[in-house]
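Predicted model, so just to flag it, every value in this text is computed and none were measured.
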Amino acid sequence: MRRLLIGPIALALAAALTACGSSDSPGGRGDGGRAAITVGVIPIVDVAPLYLGEKRGFYRDRGIDLTLKTGQGGAAIVPGVISRQFQFGFSNVTSLLIAQSNKVPVRAVANGGASTGRDGADFGGITVGKDSTLKSAKDLAGRKVAVNTLKNIGDTSVRQSVRKAGGDPDRVTFVELAFDQMAAALDSGQVDAAWAVEPALSTIKGRGGRVIASNFVDVAPDLTVALYFTSAEYARRNPELVEKFLAATKESLSYATDHPDEVREILTTYTRIPEATLRAMTLPRWPQEPNRASIDALIALGTKDGLFKTAPDPDELLP
């Protein structure tokens, strides 16, 4: 999974070009004749609503047997959806925009998660170790910064924080690391800073680390960070199932919003997280609908940073 973005996108594009047969159908039949659906997700707090929805029966009630499979980042999940390894996937918005700019036929189905909009109190941020002398994003010029996937929402939003603080984003060196490896990388000096999201963020803070910038907040005050998506072909062939998945996911997002204690509890089923870290975590927001203006901001940043082969069209991506 740990590869440059161009690899997954190239794989996805190749799969998309051959995905014209009649096999774009539900993943199989589950117990009682329900549709067996696999969703590619990342082991982070953002996807807790799906785990809760599966536990509470929101998907079963709509005829879906849900299986969740984890990957390192949205850029790796995109080709999994296009190649039919997953029927649906979770991805940050930038990964989906990059896929679309490469003519990979992805379609957003439901909102995934959003920033809290609070500087210094978001569910993601740029962190440094306890002994670091770095004070702000401006100080990242000439330094190594860990992100979970290169050429994606992590580095382009970190670059925005550096710009906003008056630094030179072109002088930042990005290193690809899984979120759960970032705390150790900071402690060992392998990297100077790390962009982390929960629960990795609280793990770093629990070791004495600090947040020096809230990169999602620096992009937009109400940033839609991620979406659940499928392939355009799958959506065309299975419109009723897509609508059922959307309805169950919306119910799951609403439930997670209203039951934060259950969110923290469900996290222990798919991440390794100490009790102290669990209670300290900042949860994202889970609104029902994506914020179009914030997606436009991500398009502007991705364009500035050269992430897109052609200009992405949010009207073609969003539900």
### Query
Among I42, I44, V45, which residue meets the side chain to side chain contact (heavy atoms under 4.5 Å, CB included) test with V197?
I44

### Task
Could you list the residues that satisfy ring pair (Phe, Tyr, Trp, His ring centres under 6.0 Å) with F123, not counting sequence neighbours?
F216

### Query
Taking it one step at a time, do R107 and E316 satisfy salt bridge (Lys or Arg N to Asp or Glu O under 4.0 Å)?
CA-CA 7 Å; R107 294 289 182 273; E316 288 294 317; 3.5 Å; yes

### Summary
Taken in chain and number order and not counting sequence neighbours, the residues that satisfy salt bridge (Lys or Arg N to Asp or Glu O under 4.0 Å) with R210 are none

### Query
Would you say the side-chain atoms of T282 pair up with the backbone N or O of A121, donor to acceptor, closer than 3.5 Å?
no

### Query
So F245 and Y228, would you call those rings parallel, tilted or perpendicular, with 30° and 60° as cut-offs?
perpendicular

### Distance (rounded to the nearest 0.5 Å) between E251 CD and R62 CZ
4.5 Å

### Query
Do L140 and V211 sit in the same hydrophobic cluster, where Ile, Leu, Val, Met, Phe, Trp and Tyr count as joined when their side-chain heavy atoms come under 4.5 Å apart?
no

### Task
Could you check if a side-chain atom of V81 sits within less than 4.5 angstrom of a side-chain atom of F88, using non-hydrogen atoms only?
no

#### Entry: Salt bridge present between D65 and R60 (N-O < 4.0 angstrom)
no

### Message
Under a 4.0 Å threshold between the charged nitrogen and the carboxylate oxygen, would E240 count as salt-bridged to K244?
### Response
no

### Query
What's the spacing between D155 CG and T173 OG1 if we round to 0.5 Å?
11.5 Å

### Message
Side chains of I299 and P314, heavy atoms from C-beta outward: is any pair under 4.5 Å?
### Response
yes

### Message
Using the rule given for side chain to side chain contact (heavy atoms under 4.5 Å, CB included), can you reason through L66 versus V39, listing the C-alpha separation, both sets of side-chain angles and the distance that settles it, and then say yes or no?
### Response
CA-CA 7 Å; L66 191 69; V39 183; 3.5 Å; yes

### Task
Find out whether I77 and S91 are in side-chain contact, i.e. whether some heavy atom of one side chain is under 4.5 Å from a heavy atom of the other.
no

### Message
Would K250 and E289 count as a salt bridge (Lys or Arg N to Asp or Glu O under 4.0 Å) here? Give the steps.
### Response
CA-CA 9 Å; K250 281 190 170 183; E289 302 295 337; 2.8 Å; yes

### Message
Quick check: is L201 connected to L267 through a chain of hydrophobic side chains (ILVMFWY, heavy atoms under 4.5 Å apart)?
### Response
no

### Task
Show your reasoning for whether side chain to side chain contact (heavy atoms under 4.5 Å, CB included) applies to V78 and V106.
CA-CA 8 Å; V78 169; V106 291; 4.2 Å; yes

### Message
Holding to salt bridge (Lys or Arg N to Asp or Glu O under 4.0 Å), I want the full list of residues that pass it with E265, two or more places apart in sequence or in another chain.
### Response
none

### Which residues share a salt bridge (Lys or Arg N to Asp or Glu O under 4.0 Å) with D261, sequence neighbours left out
none

## Note on the structure
Closest heavy-atom pair, A137 versus S161, reported as atoms and distance to 0.1 Å, is CB-O, 3.5 Å

### Query
Do S136 and I212 have side chains that get closer than 4.5 Å, going by heavy atoms?
no

### Query
Just checking, is any N or O donor in the side chain of D122 or S115 under 3.5 Å from an acceptor N or O on the other one?
yes

### Task
Say whether V191 and M182 are linked into one hydrophobic cluster, either directly or through other cluster members, by side-chain heavy-atom distances under 4.5 angstrom.
yes

### Message
Which heavy atom of L253 sits nearest to which heavy atom of P287, and what is that distance?
### Response
CD1-O, 3.8 Å

### Query
Roughly how far, to the nearest 0.5 Å, is CD1 of I153 from CD1 of I98?
9.5 Å

### Query
Hey, does the side chain of E54 reach the backbone of T67 with a donor-acceptor pair shorter than 3.5 angstrom?
no

### Task
Could you list all the ring pair (Phe, Tyr, Trp, His ring centres under 6.0 Å) pairs where at least one residue sits in residues 252-274, not counting sequence neighbours?
Y51-Y270, F58-Y255, Y255-H259

### Query
S95 and N152: side chain to side chain donor-acceptor pair (under 3.5 Å), yes or no, with the steps?
CA-CA 6 Å; S95 285; N152 211 278; 2.8 Å; yes

### Query
Is it true that L223 and V217 fall in one hydrophobic cluster, defined by side-chain heavy atoms closer than 4.5 Å?
no

### Task
Could you check K144 against D192 for salt bridge (Lys or Arg N to Asp or Glu O under 4.0 Å), going step by step and ending with a plain yes or no?
CA-CA 5 Å; K144 291 182 180 179; D192 301 296; over 6 Å; no

### Task
Return the minimal non-hydrogen interatomic distance between P290 and L318, and the atom names on each side.
CG-CD2, 4.3 Å

### Query
What pairs with D305 under salt bridge (Lys or Arg N to Asp or Glu O under 4.0 Å), at least two apart in sequence or on another chain?
R163

### Query
Donor-acceptor pair, T268 side chain versus R264 backbone, under 3.5 Å?
no

### Query
Atom OG of S157 and atom CG of N92: how far apart are they, to the nearest 0.5 Å?
9.0 Å

### Query
Going by heavy atoms in the side chains, are N148 and E176 under 4.5 Å from each other?
no

### Message
Could you measure the distance from the CG atom of L317 to the CG atom of L96? Nearest 0.5 Å is fine.
### Response
5.5 Å

### Query
So, the side chain of Q160 versus the backbone of V219: is there a donor-acceptor pair under 3.5 Å, distance only?
no

### Message
One thing to verify: whether E262 and K55 come together as a salt bridge, which I'm taking to mean a side-chain N less than 4.0 angstrom from a carboxylate O.
### Response
no

### Query
Can any side-chain N or O of T269 pair as donor or acceptor with the backbone N or O of I266 at less than 3.5 Å?
yes

### Query
Side-chain contact, heavy-atom cut-off 4.5 Å: L227 with V93?
yes

### Message
Could you measure the distance from the CD1 atom of I204 to the CZ atom of F179? Nearest 0.5 Å is fine.
### Response
9.5 Å

### Message
If the threshold is 4.0 Å, N to carboxylate O, is there a salt bridge linking D170 and R159?
### Response
yes

### Query
Do R207 and K130 come within less than 4.5 Å of each other through their side chains, counting heavy atoms only?
no

### Message
According to a hydrophobic-cluster definition based on side-chain heavy atoms being under 4.5 Å apart (Ile, Leu, Val, Met, Phe, Trp, Tyr only), do V242 and F90 belong together?
### Response
yes

### Query
Would I273 and M281 satisfy side chain to side chain contact (heavy atoms under 4.5 Å, CB included), going step by step from the backbone distance to the final call?
CA-CA 10 Å; I273 181 167; M281 282 193 321; 3.8 Å; yes

### Message
I'd like to check F86 versus V41 (side-chain heavy atoms, cut-off strictly below 4.5 Å). Are they in contact?
### Response
no

### Task
Start with the C-alpha distance between D315 and R292, add both sets of side-chain angles, then the distance that settles side chain to side chain contact (heavy atoms under 4.5 Å, CB included), and finish with yes or no.
CA-CA 9 Å; D315 291 331; R292 170 60 185 268; 2.8 Å; yes

### Message
Between N291 and T224, is there a side-chain donor-acceptor contact under 3.5 Å, judged purely by atom types and distance?
### Response
no

